[in-house]
J.: 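Please see the structure below; I have some questions.
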Amino acid sequence: MIVALIDSGLGLLPTAARLRTLRPRLDLILLMDPDEAPWGPKPDAWVVDRVLAAVDRAVAAGAEVIVLPCNTASVTALAHVRAHLGAGVPVVGTVPAIKPAAAESERIAIWATAATTASSYQARLVEEFAAGRTVTPVACHGLADAIDRGDTDGVSAAIRAAAASTPEDVESVVLGCTHYPLVVDEILASLPAGTRLYDSAEAVARQTLRRIDELGGPDEGSGSVTVSLSGRAGDLPASALAHREGALLTNHRCGIIR
């Protein structure tokens, strides 16, 4: 069983690491796009074309399940990917964990990229799942980019700025960008004691495993991790290996994704 995860940068690592932990012998293809990252500010049509090109490379390399562990890719391209592939290939998208946070908290902050914070998509999720709650959107300017670059000073500065924009009485923070769990310890340290964090990686990984099981075939492989960087065979970048999620995936082979 080969599962492909597609994101512009390191945001796919938390979900890939969860999959590796839950089912170690899955074969994973990690398709990143360092040449054109980040995708958030790009026009929707451009993002759709870029994601579909990655999907086609993944399927040509044998992927049987496609995962978009990226809010931008999911919001913009998920429906297009499903239409492109048809019902025969399961496609799993990502939704910020607003629903579980609202089930347990009255005062919530949503940390996300500037584009996601301003999106009608996030507003609809808040309206649907957090009506009656006090919800504060917090745009984390530059945080995802700093994580991709391995810029620890930039990460710290972005977290400090986001924490300063977060109400002191907040009960929960939703991590609305899949990059942010990579620096969860620093985020927690910046927030009031007892603040609960919610991210989507665990839910996306478990949904992926459910879709795999529904296929009914062999669910294990050799446990390989193949890396594609803007369509070129490669290795996880050094910035990925600085995180425990990246280190968990280091036992990988270089893949040829044409």
Side-chain angles (χ1 to χ4, degrees), residues 2-23 26-40 47 50-55 57-59 61 63-78 81 90-97 112-113 116 143-150 175-184 199-209 211-212 223-252 254-255 257:
I2 301 175
V3 178
L5 298 94
I6 298 171
D7 191 357
S8 64
L10 302 189
L12 51 70
L13 291 180
T15 300
R18 301 279 198 300
L19 287 171
R20 171 48 52 88
T21 299
L22 293 168
R23 201 161 295 182
L26 278 179
D27 293 319
L28 304 178
I29 302 176
L30 310 183
L31 296 103
M32 303 163 64
D33 192 14
D35 290 359
E36 298 291 347
W39 287 344
V47 174
R50 199 73 176 177
V51 172
L52 290 179
V55 166
R57 289 196 298 272
V59 171
E64 298 158 89
V65 177
I66 302 294
V67 184
L68 303 181
C70 168
N71 288 287
T72 295
S74 294
V75 171
T76 308
L78 180 60
V81 174
V91 182
V92 180
T94 298
V95 177
T113 64
T116 298
L143 179 53
D145 294 348
I147 292 170
D148 274 340
R149 295 194 307 269
L175 302 181
C177 172
T178 55
H179 283 66
Y180 299 171
L182 296 172
V183 291
V184 66
D199 74 80
S200 57
E202 182 76 17
V204 173
R206 291 193 179 278
Q207 175 65 5
T208 300
L209 295 180
R211 298 306 306 274
I212 289 171
S224 67
V225 179
T226 302
V227 179
S228 172
L229 304 174
S230 298
R232 304 179 299 274
D235 292 303
L236 286 173
S239 55
L241 303 183
H243 303 286
R244 55 180 173 265
E245 293 87 349
L248 185 65
L249 299 163
T250 54
N251 182 23
H252 67 277
C254 292
I257 310 293

J.: Closest heavy-atom contact between Ile147 and Ser239?
T.: O-CB, 4.0 Å
J.: Say you draw a straight line from OG of Ser224 to CG of Leu28; how long is it, rounded to the nearest 0.5 Å?
T.: 7.5 Å
J.: Taking the side chain as every heavy atom from C-beta outward, state whether Val81 and Leu68 have any pair of such atoms under 4.5 Å apart.
T.: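 Side-chain contact under 4.5 Å: yes.
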J.: Might you point out which heavy atoms bring Thr178 and Pro14 nearest each other, and give the distance in Å?
T.: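 Of all heavy-atom pairs spanning Thr178 and Pro14, the closest is O-CG, 3.5 Å.
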J.: Which value, rounded to the nearest 0.5 Å, describes the distance between Leu249 atom CG and Asp235 atom CG?
T.: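 Taking CG in Leu249 and CG in Asp235, the distance rounds to 12.5 Å.
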J.: With the side chain counted from C-beta on, respond yes when Leu26 and Thr208 share a heavy-atom pair under 4.5 Å apart, and no when they do not.
T.: no
J.: Say whether, by atom type as modelled, one donor and one acceptor occur between the side chain of Thr15 and the main chain of Leu12 under 3.5 angstrom.
T.: no
J.: Is Ser74 reaching over with its side chain to a backbone N or O of Gly93, donor-acceptor style, under 3.5 angstrom?
T.: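 No, Ser74 side chain to Gly93 backbone: no donor-acceptor pair under 3.5 Å.
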J.: Could you tell me which non-hydrogen atom of Cys70 sits nearest to which non-hydrogen atom of Ile6, and how far apart they are?
T.: CB-O, 4.2 Å
J.: Walk me through whether Trp39 and Val51 qualify under side chain to side chain contact (heavy atoms under 4.5 Å, CB included).
T.: CA-CA 10 Å; Trp39 287 344; Val51 172; 3.7 Å; yes
J.: Identify the two heavy atoms, one from Ser8 and one from Pro38, that lie closest to each other, and give their separation to 0.1 Å.
T.: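 Looks like OG-CA, 4.1 Å.
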J.: Start with the C-alpha gap between Val91 and Arg211, add the side-chain angles, then the distance that decides, and say whether side chain to side chain contact (heavy atoms under 4.5 Å, CB included) holds.
T.: CA-CA 9 Å; Val91 182; Arg211 298 306 306 274; over 6 Å; no
J.: For Val47, is there any backbone N or O sitting under 3.5 Å from a side-chain donor or acceptor partner on Thr76?
T.: no
J.: Hey, what do you get for CG (Asp148) to CG (Leu143), rounding to the nearest 0.5 Å?
T.: 10.0 Å
J.: Is any side-chain heavy atom of Arg18 less than 4.5 Å from a side-chain heavy atom of Val204?
T.: no
J.: Say you draw a straight line from CD of Gln207 to OG of Ser200; how long is it, rounded to the nearest 0.5 Å?
T.: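 The distance works out to 12.5 Å.
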J.: CZ of Arg50 to CG of Leu31: how many Å apart, nearest 0.5 Å?
T.: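 These two atoms lie 11.5 Å from each other.
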J.: Might you point out which heavy atoms bring Asn71 and Gly176 nearest each other, and give the distance in Å?
T.: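 Looking at all heavy atoms of both residues, the closest pair is ND2-O, 2.7 Å.
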J.: Counting only N and O atoms by type, is there a donor-acceptor contact under 3.5 Å from the side chain of Asp33 to the main-chain atoms of Ser230?
T.: no
J.: I'd like to know whether Leu22 forms a side chain to side chain contact (heavy atoms under 4.5 Å, CB included) with Glu202, so could you lay out the CA-CA distance, the side-chain angles of the two residues, the decisive distance to 0.1 Å, and finally the verdict.
T.: CA-CA 10 Å; Leu22 293 168; Glu202 182 76 17; 4.3 Å; yes
J.: Find the distance between CE (Met32) and CG (Leu10) and round it off to the nearest 0.5 Å.
T.: 4.5 Å
J.: Could you pull out the closest heavy-atom pair between Thr113 and Tyr180, with the gap in Å?
T.: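 The answer is N-OH, 3.4 Å.
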J.: Give the intermediate values and the outcome of side chain to side chain contact (heavy atoms under 4.5 Å, CB included) for residues Arg57 and Ile29.
T.: CA-CA 10 Å; Arg57 289 196 298 272; Ile29 302 176; over 6 Å; no
J.: Does Asp199 reach the side chain of Val184, with side-chain heavy atoms less than 4.5 Å apart?
T.: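 Sidechains of Val184 and Asp199: no contact.
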J.: Taking side chain as C-beta onward, heavy atoms only, is Val183 less than 4.5 Å from His243?
T.: yes
